[in-house]
Amino acid sequence: MQTLQVVFPPTDFTLLAVILGLPLIGAFINGVFGKRLGNQAVTLMALGAVGASFVASLLAFFILRGQQAESQSAVRLTWTAWEWLTLNTPNARVPLEIKFSLDALNATMSLVVTGVGFLIHLYSSKYMQEDPGYYRFFAYLNLFVFSMLVLILGDNLPVLFIGWEGVGLCSYLLIGFWFHEDANAAAGKKAFIANRVGDFGLLCAMGLLVYYSGALNWSGIEAGAAGLATQVQIWPLGREVPLAALVGQWINAPVYVDASTLVAMFLFLGCAGKSAQLPLYVWLPDAMAGPTPVSALIHAATMVTAGVYLMCRMSGVFVMAPKAMLIIAFIGAATALLAASIALVQNDIKKVLAYSTVSQLGYMFVGVGVGAFTAGFFHVLTHAFFKACLFLGAGSVIHAMHARIHDTEASQDMRNMGGMKAFMPITHVTFLISCIAIAGIPPLAGFWSKDEILYMAYTQSVSAPEAVRAVYPGLYQWPAWAGKALYVMGLLGALMTAFYMFRLYIRIFHGEFKGWTIVKGWVDPHAHAHGDDAHAAHDGHDDHGHGGDHDHHAFDPDEPREGPRPHESPWQMTTPLVVLAALAAVAGFLNAPLIGLHVLDDWLAPIFTLAKTGVTSVDPEHAMMLTLAIPSVLIAATGVGVAVYFYYLKGGEPAAAIAEKAPGVHRFLMGKWYVDELYEETVIGAIDSLAEFFNWADRWIIDGIVARLTAGIARLFGSVLRFTQTGRVQAYAAAMVVGTALVGYYLLTPRASAQLFEDDRAGSYRVEAAPGLGYSYRFSSQLTEDGEFQLEAGDAFHDRRTTSFNLERGQSRTVRVEVKDAFGHTSKWERRIERPKTDGRPPGSVDFNTMIQQGADGRPRLVLPPGHPEPTLPDPGADPQGGAQ
Amino acid sequence: MTSLVQAWPYVAAFLVGALIPRRQSRFERFSLGLVALLSVAFISSLWPEKAVEAAAEAPSEWPHLLNFIVLLPIVGAVALLFMPRQSPKLLRGVTLTILAVDFIASLLLLRTPMTDGWHFQYVREWLPAFGIRYHVAVDGISIWMVVLSTFITPIAAYASFGSIKKRTKDLCFSLLLLHGAMLGAFVSLDLFLFYVFWELMLVPMVILIGIWGGVEKIKASYKFFLYTMAGSLLMLAAILYMVWTHDQLEGYPSFDYLALSRLVLPKTAAYLCFGAFAVAFLVKVPMFPLHTWLPDAHVQAPTGGSVILAAVLLKLGTYAYIRFCMGMFAGPAYWAAANLAGLAVGGGILYAALVAWKQPDIKKLIAYSSVAHLGFVMLGLFAGTQAGIAGGILQMINHGISTAALFILVGVIYDRRHTRLVSEFGGLAKVMPIYTACFVLVTMSSIGVPGTNGFVGEFMVIMGTFTSPVLGSHAKLQGGLAAFGVILAAVYMLSMVQRTFFGPLSNPKNQHLPDLNVRETVALAPLIAMIFVLGLFPNLFLERINPSVAGVQSRFMSSMAAFRSQHDQDPTRAVMLPRPSGKLGAGYPEDPKKPAESAATASAEEIQ
């Protein structure tokens, strides 16, 4: 350990480069050279990269633990790769580096990502074996692990954002992995766009953080978080609402929110996008279009928990915003309930698990929403184990179903399953363990983490740190009922969770197998191109090379079909199941306060020191812990019991009877609350029509006015003037005659004009008459307002073109210039000249040029004479950075 | 031996690059290896520590380097006229050689550390009686525009030689002339010279669209010409007015940028002149509502023309806005910034994105996406913070690279199918996997996925907008709306990608489309390499941009203050501010009548 600490010093912790670099190299090599390397080499590369990354993470974890134990405080091991960019804002210079850091929070998370990631890579090596895009799959998967590691290890928000969008990109590519089907590609796009809505929130949050706290790295944000204790005017948007008079001045009444609330809500929008919370959860169920290992890794264990991770990471900002946290906690609870209710009736086993994931993520947000960051993060951990295990188990079942049913939907439909317990013992046991864990039955992992969230929801509230409250007393106080409401919602969700999970379990593994009639020694009459039928199956996409002939395995429920006995999966697939099930069973003891275990709490405590100061509890002595745990156990048991009664004992009749009694409710739940349809009709529809209108307007209004209208005007002139170009010589001759006559008249008329040269300061003035052919000139002046014009030099016109004179201050005169041409016609020009009483400048003014001097820094600055009023300069805050570069 | 060891990254990069192609084409392997090697060399030679070393032993600036870069293509274009039309191979070879030499010469510019002030300055009297001089120089802003042009034009030329087989001589001539004119406009510091180059660009571009364009090429080239011409004539009037004012104040005329940027015009005249310049530049950018020429021009232009048009020509508008509008009319530019920023956000980022979404033609979609991206650039400039301006400049380079790549990619399927309608395609990923991979990658860069170049510019612009004092109370709203544009970018690009590449391969005409050929791959490789270089190492660029941006921004603020205080006193008077000192004042035009003494003090004369 000592040597390791020397090799990897805390400020240049290059082990992080190893952790990050291996999956990246794996992704590059598999993506670019994978097709030529062959599946074996791709497997070796992908698994080796993630496995080695896991080992490195483990090493880093222990180094960190050693140092944290030594120093008894929060330790952050950092590695700076290079300077990325620099933001020079008026308030602060924000250097952004490609910098990674490791502390207790993300060290734990990186173990999950690389560990669970490795297991799922191993699983996929068999699951995806026959897919023509095998190398592509592993390139994406490695790239995902890399992006996820960037996300959790990044030391500032923009670096986190690289990973944040990187995992979104990988998710997009993997959901649409089988891009030949439109639905898959559409699901990928939907996921990306829903995530982008969240990313918009994150970008806004970053902008506000730069403005208010002047930093984007973790320590800087935490240090500058106090800057968020200020108010922002969010209404009216500008200075005032245009045309406010029409609706009344009330519309201009300013609306203020706390900057911290604004930042927290924008951050949460980002989290809601990535972690599938209301209102952005709709992409996650569709994301099940991807291969099942992807659902396990990305859409259950790791990526979707990034939002919870971000909230933990930014806990210092979130505890500053009690109002936002209340909203977040309730959104989490509402999501948990909504998704659980949909999961009650779904028949697609992956959809059930997807909604279950959304629901469990809701719990995590209840946890972090009430300021129980450790509890929320704890649920991330346990959920990663049991949900990954459930997804992989489901994948194993689907894999078995593919022996005979190749249609994606039919192979995932639990109505075609049943009795799998006999065929797949390992899958069955691991699935059962994970079901018990997620249902919240002690002592498995799910109970401990969920129970802690519920306990915290009941007792704890976010109140902002005492110091902030002291200087900024207007902060929101949580109402007393909030905790109770959250607790009840959580219990209700737990009831549904236990029910739908055991419904799923029983319908897959118990009862009669309904997929096909099992015939011993059955041989596929439509012998498959891939030969080994038992292992050729993988989600029904083994027919990629065959064009469109789906017909021989299209699923027809009425047609009686025969097939082989479903088989247990190979060891590459069952090993991950066993490991994950074991973790799902025991991981709860990391944090089991009821029996006195607080390993995780102690481990993470230094991270949440600031956050701890921002929460208050009605039960600081943890006296109510047991009292609150009992209902939660009872309710989980009830859920399990009802499911067992409905589906195991009665074979699903009571459920069908209920569905028949309340067909509206059933249809509503089957239709997933029609949220997709609602969005389609409202937001998406509105933007779509707006785009259609803009497209029309761009063609006919913008282009119409700027281009077509001006062209039309030019054409109009052209067509009028065209009539003058007749081509007839007579017409041109006539025009010439008329033109010559006009020009002649013009030339023969004298036009007097003169230029005036004034010098107000000296009082001297000069008039210079414009010259002309054969002109002679005469000057006269009118000295008083209505006096006579007095000729200058007798009566005669002469050749001299100028005259000059002086005026006293305030004196004026009118000058007249007369010209006479050779024919004796005359013309005249008059101008009144007045010398101002003062010197041309207002009194007290100074010459501007003397005011601007070169400052010491080479920039001009204004030097004002004593007593001169300050000129209105722009806001001095505008340019403090100036030339400081 | 040590030099061999030191060379290992280059060797490794070359090997990796050379291994990438699956085809057995030596030329392709060599080219991709070279691209990889040059990318690594580019990064390592600009790396901060290396740059410090280089600065210590910085070669003195060879004053003719800029002349060489600008005049080489023009001289080459003229020389081309004397070559035989019958041997297109020779013509193409000569053109590519000239462009390659120009590119290498422009890289030499980067060896000089870009401190605030003018570099590689070269001044020579041209028409002394009118105060017209040949005055060229670069700073940290224009240097990247020069490098961008010399980088993109060879690629555009190389790509168009694949698809254009008729009238090669005319094509080569136009490309070279256009290249020289663009470079000239980027480095001119004399408004007359600038105007000449600015107008000179029009002719070859109109030829490119008008000869090798699509069905409605004549209409599109007219529209392009008239729009740009209308703007530049306004600019010409404003230039002449300013020169006349300078003559009135100083007693001698000057078209020089250094002199005219010290001029504070009377209030009305200042706003009018600003308007004239701004219209000329905003047409070129193009900014809503002056943008409708762009989709037409792009749809009709051949691939090479589109690439140059989008990647470089549009940048002239944004670059000129920084240099001339912000440099010479700080007061009016400050005054107009908030409203123009609203236009950039509403009409550019949001409106153009929505219109792009509804385009049936891929090229038109990309054209509208350009309007949206340049909305980001303009927003950064209007925001007037260092982060915003630097981000805007970075975004110009980014947009040049991503959009050039997109247009080359669209040209690929146009060459194969002679249509660009999205509805004609679908499921292309199955028959053209490498093409699809490249397209998706460039799409990601275009929609600003971090790690690619598209992100850094947009990010800096958004951050700069949020913290902008120029935009006042609107800053956060406009920053937020600009961030919203990021969603729309994903919507329109991904919808197009999905309909073109994914789903079943439904159209039988697409069954046997060949994947990227060698020429297309080689043309795309440097662009794709730069996507990552810029996305991961933007600081290499920012190190050279930032000092100049800091200077531009502080001069913008101080001349704005001077403008205001002058107009508080007397809005009808024009004055000259004191001339800049130090490096910034080098090359300041002197009064030809009294060369020695006029440098001492700047006089303020009253006119009228």
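This is a predicted model, so every value here is computed, not measured.
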Exercise. Do B/F502 and A/N184 pass the side chain to side chain contact (heavy atoms under 4.5 Å, CB included) test, and can you show the C-alpha distance, the side-chain angles, and the key distance before you say yes or no?
Worked result: CA-CA 9 Å; B/F502 301 142; A/N184 298 352; over 6 Å; no
For this session: Check whether any side-chain N or O of B/W357 sits under 3.5 Å from a backbone N or O of A/E692 as a donor-acceptor pair, and report yes or no.
Result: no
Problem set entry | Segment of B/I389 engaging chain A (4.5 angstrom heavy-atom cut-off) | neither
Problem set entry | Backbone of B/L536 reached by a side-chain donor or acceptor of A/W82 within 3.5 Å | yes
For this session: Please flag which part of B/V549 lies under 4.5 Å from any non-hydrogen atom of chain A: side chain, backbone, both or neither.
Result: neither
Seminar exercise, completed: Ranked by heavy-atom pairs below 4.5 Å to chain B, first place among A/D182, A/V232, A/I701, A/I705 goes to A/D182
Problem set entry | B/S495 versus chain A, the contacting section by heavy-atom distance below 4.5 Å | both
Problem set entry | Between B/Y492, B/F556, B/Y368, the one whose heavy-atom pairs under 4.5 Å with chain A are most numerous | B/Y368
Exercise. Relative to chain B, which segment of A/L216 carries a heavy atom at a distance below 4.5 Å: side chain, backbone, both, or neither?
Worked result: side chain
Seminar exercise, completed: Residues B/P538 and A/L85: closest non-hydrogen pair is CG-CD2, 4.0 Å
Exercise. Hey, do the aromatic rings of B/F455 and A/F161 have their centres closer than 6.0 Å?
Worked result: yes
Exercise. Is the number of heavy atoms from other residues, nucleotides or ligands under 6.0 Å of A/F33 CZ greater than 12?
Worked result: yes
Exercise. Which atoms of B/F288 come close to chain A, meaning under 4.5 Å heavy atom to heavy atom: side chain ones, backbone ones, both, or neither?
Worked result: side chain
For this session: Side chain from CB out, backbone as N, CA, C, O: work out which of these in A/A711 comes under 4.5 Å of a heavy atom of chain B, or both, or neither.
Result: neither
Problem set entry | Smallest separation among heavy atoms of B/V449 and A/E165, with atom names | CA-OE1, 3.5 Å
For this session: Write down the atom of B/P289, the atom of A/I702, and the distance for their closest heavy-atom approach.
Result: O-CG2, 3.4 Å
For this session: Write down the atom of B/H291, the atom of A/D698, and the distance for their closest heavy-atom approach.
Result: NE2-OD1, 2.6 Å
Exercise. Do B/M463 and A/Y211 have side-chain heavy atoms sitting under 4.5 Å apart?
Worked result: no
Exercise. If you count heavy-atom pairs under 4.5 Å with chain A, which of B/L488, B/I447, B/T452 comes out on top?
Worked result: B/I447
Exercise. Once you round to the nearest 0.5 Å, how far does CG of B/N546 lie from OG1 of A/T86?
Worked result: 6.0 Å
Seminar exercise, completed: Of the listed B/T292, B/N539, B/V470, the one with the largest count of heavy-atom pairs under 4.5 Å with chain A is B/N539
For this session: To the nearest 0.5 Å, tell me how far B/F466 CZ sits from A/C204 SG.
Result: 4.5 Å
Exercise. Looking only at heavy atoms, what is the nearest atom pair of A/R36 and B/P21, with distance?
Worked result: NH1-O, 3.3 Å
Exercise. Is it true that A/D703 and B/K223 make a salt bridge, defined as a side-chain N closer than 4.0 Å to a carboxylate O?
Worked result: yes
Exercise. Between A/L169 and chain B, which part of the residue has a heavy atom less than 4.5 Å away: side chain, backbone, both or neither?
Worked result: side chain
For this session: Taking the side chain as every heavy atom from C-beta outward, state whether B/M444 and A/Y172 have any atom pair closer than 4.5 Å.
Result: yes
Problem set entry | Contact check, side chains of A/T89 and B/T385, non-hydrogen atoms, under 4.5 Å | no
For this session: Take B/L354 and A/F693, measure what side chain to side chain contact (heavy atoms under 4.5 Å, CB included) needs, and give me the verdict at the end.
Result: CA-CA 9 Å; B/L354 286 174; A/F693 169 71; over 6 Å; no
Exercise. Going from CZ on A/R196 to CG on B/L494, what distance comes out if it is rounded to the nearest 0.5 angstrom?
Worked result: 8.0 Å
Problem set entry | Max heavy-atom pair count under 4.5 Å with chain B, selected residue of A/L690, A/D688, A/I687 | A/D688
Exercise. Counting heavy-atom pairs under 4.5 Å to chain A, which of B/V456, B/D116, B/I434 comes out on top?
Worked result: B/V456
For this session: Would you mind checking which part of A/Y212 comes under 4.5 Å of any heavy atom in chain B, side chain (CB onward), backbone (N, CA, C, O), both or neither?
Result: side chain
Problem set entry | Toward chain B, the part of A/L96 with a non-hydrogen atom under 4.5 Å | side chain
Problem set entry | Part of A/F694 within contact of chain B (heavy atom distance under 4.5 Å) | both
Problem set entry | Part of B/K358 lying under 4.5 Å from any heavy atom of chain A | both
Problem set entry | Worked verdict on B/L542 versus A/W84 for side chain to side chain contact (heavy atoms under 4.5 Å, CB included) | CA-CA 9 Å; B/L542 288 171; A/W84 194 26; over 6 Å; no
Problem set entry | Residues forming a ring pair (Phe, Tyr, Trp, His ring centres under 6.0 Å) with B/F541, sequence neighbours excluded | B/F42, B/W144
Problem set entry | chain B contact via A/F28 - which portion, at a heavy-atom distance below 4.5 Å | side chain
Problem set entry | Residue, of A/G201, A/A186, A/G176, A/G168, that accumulates the most heavy atom pairs under 4.5 Å with chain B | A/A186
Exercise. Under 3.5 Å, is there a donor-acceptor pair between the B/Q359 and A/N695 side chains?
Worked result: yes
Exercise. Going through the checks in order, is the side chain to side chain contact (heavy atoms under 4.5 Å, CB included) test met by B/V486 and A/D199?
Worked result: CA-CA 8 Å; B/V486 168; A/D199 297 346; 5.6 Å; no
Problem set entry | Top of A/V197, A/V210, A/V150, A/L173 for chain B proximity - count of heavy-atom pairs under 4.5 angstrom | A/V197
Exercise. Just wondering, more than 12 heavy atoms not from B/R22 lying within 6.0 Å of its CZ?
Worked result: yes
Problem set entry | Heavy-atom pair with the smallest gap, counting every atom of B/F459 and A/M206 | CE1-SD, 3.6 Å
Problem set entry | Interchain contact, B/L19 with chain A, by part (heavy-atom threshold 4.5 Å) | both
Exercise. Taking every heavy-atom pair that is under 4.5 Å apart, which of B/G388, B/P450, B/A483 has the most such pairs with chain A?
Worked result: B/P450
